[in-house]
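Written out below as structure tokens is the structure these notes cover.
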Amino acid sequence: MKIAIDGPGGAGKSTLSKKLAKHFNLVYIDTGAMYRAAGLACVRQGITIKEQPEEAIQIVNASEIDLIPDEAGQKIMLNGEDVTGLIRTPEISMAASDVSAIPEVRIRLVEMQRKLAETRDVIMDGRDIGTYVLPDAPIKIFLTASSEERAKRRYLELKQRGENCEFDAVLAELLVRDKNDSTRAFSPLKQAEDSILVDTSELNFDESLAYLTKIIEERL
Ligand code: DC
């Protein structure tokens, strides 16, 4: 069983995928975490990814990125260090988006993602899972919501974690990332033709979860 969940940032992909993974007994794989670890590696080396793509490729190629799925969700390791708690900041979000536009980086991470899915039943979330990583996945969902609603959710999530942030800045960052992710030349964020579009703008978390559960059950 393979389920592909794609969509823009803040649409609720990871929280919903985690719950769905438990419910359907699947391994959850958050591919965004891999791009975030790659972005973190570049930030730590002090480079500006957009201006120094060759350096970014070198840094990512020299980095060991491992995604370890476990009961509690997953751990993301960078050169043997658990960086799970370090990759959800606005700075790393932008770095992840920038580094993910580099084809050489994508090719390497996509290979790892396909390997992870080879021997497991997975629910994998990202931007290009249904279109590129797992094009044969029998269930593909494109999850979206209005940009205002997505920014609102991201803002509340950051606030809950005690981060100091402004709503307008969160919205602006999300719009830049949307544009970055959907206009890059190689494997951009795009709805797969054979995917089911789910807009959660008007749905709360429980309603979204119930709706997705029903969609998946109908197709199993
Ligand atoms: O899902 P996320 O917000 O954690 O992803 C961070 C960035 O990584 C996102 O802006 C684009 C990139 N990404 C990607 O290009 N392809 C994926 N499959 C997953 C994430």
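In listed order, ligands and their atoms are each counted from 1.
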Flag side-chain contact, heavy atom, 4.5 Å: Leu26 against Leu20: no
Nearest heavy-atom neighbours spanning Ser147 and Leu175: CB-CD2, 3.7 Å
Minimum side-chain heavy-atom gap Arg36-Ser93 below 4.5 Å: yes
Beyond-backbone contact of Asp121 with Asn25, side-chain heavy atoms, under 4.5 angstrom: no
Identified salt bridge (charged side-chain N to carboxylate O under 4.0 Å, His left out) counterpart of Asp128 within the set Arg184, Arg114, Lys140, Arg106: Arg106
Per-ligand residue contacts, ligand 1, heavy-atom threshold under 4.0 Å: Thr31, Gly32, Tyr35, Arg36, Arg88, Ala96, Ser97, Ser100, Arg106, Gly126, Arg127, Asp128, Ile129, Arg177, Asp181, Arg184
Sub-4.5 Å side-chain heavy-atom contact between Ile59 and Gln52: no
